[in-house]
Amino acid sequence: QVQFVESGGGLVQPGGSLRLSCAASGFTSRGYSMSWYRQGPGKERELVATISVGSWVSNYAESVKGRFTISRDDVVNTVYLQMRSLKPEDTAVYYCNTDKPFDSWGQGTQVTVSS
């Protein structure tokens with residue numbers, strides 16, 4: 001079945017960096033645009049970044065543009081999110097899925113930005 005396993009989160013100070021990873025299985029991920037989403041405390045889940053099939057195009061939410069970079073390695077069915085210049089408002093649980101999400105979601109990885 002479709003599965004996503006996110007990792008790489010943690011506690012980081014403002015201005016710091018983290019790299020998230022998402023291992024996808026149960027479907028041919030190289031045939032899908034892949035996305036990172038996040039859900040902050042008391043907030044709805046929101047789209048953070050999307051990378052197209054073949055990595056030709058990447059799109060970002062305005063709030064993370066210039067600070068986050070999405071990438072993918074289709075050999076190992078993994079999607080990455082490099083996050084730099086982190087801000088307290090980036091605190092959230094981060095999830096990956098396709099750009100038109102499957103019903104199945106992973107457990108996510110917690111990112112906390114705090115001094």
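Note that the numbering runs from 1 along the sequence shown for the chain. Here the structure is a predicted model, which is why all the values come from computation and not from measurement.
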Which residue pairs satisfy the side chain to side chain donor-acceptor pair (under 3.5 Å) criterion with at least one member in residues 75-85, sequence neighbours excluded?
Ser29-Asn77
Please identify each residue that fulfils side chain to side chain donor-acceptor pair (under 3.5 Å) with Glu89, with sequence neighbours left out.
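By the side chain to side chain donor-acceptor pair (under 3.5 Å) rule, Glu89 matches no residue at all.
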Once side chain to side chain donor-acceptor pair (under 3.5 Å) is applied, do any residues pair with Lys65, and if so which ones, sequence neighbours excluded?
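For Lys65, the residues satisfying side chain to side chain donor-acceptor pair (under 3.5 Å) (neighbours in sequence not counted) are Glu62.
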Residue pairs passing the salt bridge (charged side-chain N to carboxylate O under 4.0 Å, His left out) test where at least one lies in residues 6-34, sequence neighbours excluded:
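Not a single pair qualifies under salt bridge (charged side-chain N to carboxylate O under 4.0 Å, His left out).
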Nearest non-hydrogen partners of Ser21 and Trp36, listed with the distance
O-CH2, 3.6 Å
Shortest non-hydrogen separation from Pro14 to Ser115 and the atoms involved
CD-N, 3.7 Å
Sequence neighbours excluded and cut-off under 3.5 Å, please list the side-chain donor-acceptor pairs for residues 92-107, or say none.
from, atom 1, to, atom 2, distance (Å)
Tyr94, OH, Arg38, NH1, 2.9
Tyr94, OH, Asp90, O, 2.6
Asn97, OD1, Phe102, N, 2.9
Asn97, ND2, Phe102, O, 3.3
Asn97, ND2, Ser104, O, 3.2
Thr98, OG1, Lys100, O, 2.8
Ser104, OG, Val2, O, 3.2

Contacts under 3.5 angstrom, residues 50-60 side chains, donor-acceptor by atom type, not counting sequence neighbours:
from, atom 1, to, atom 2, distance (Å)
Thr50, OG1, Ser35, OG, 2.7
Ser52, OG, Trp56, N, 3.1
Ser52, OG, Val57, N, 2.9
Ser52, OG, Val57, O, 3.4
Tyr60, OH, Ile70, N, 2.9

Would Phe4 and Tyr37 show up in the same hydrophobic cluster when neighbours are defined by side-chain heavy atoms closer than 4.5 Å?
no
Side chain to side chain contact (heavy atoms under 4.5 Å, CB included) involving Ser114 - partner list, sequence neighbours excluded
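With neighbours one apart ignored, the set is Leu11, Thr112.
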If a pair satisfies disulfide bond (SG atoms under 2.5 Å apart) and one of its residues is in residues 50-81, list it, with sequence neighbours excluded.
none
Distance from Cys22 atom SG to Met34 atom CE, nearest 0.5 Å?
5.5 Å
About how many Å separate NZ of Lys43 and OG1 of Thr91, when rounded to the nearest 0.5 Å?
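That separation rounds to 9.0 Å.
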Leu86 versus Phe68: any side-chain heavy-atom pair under 4.5 Å?
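Yes - at least one pair of side-chain heavy atoms lies under 4.5 Å apart.
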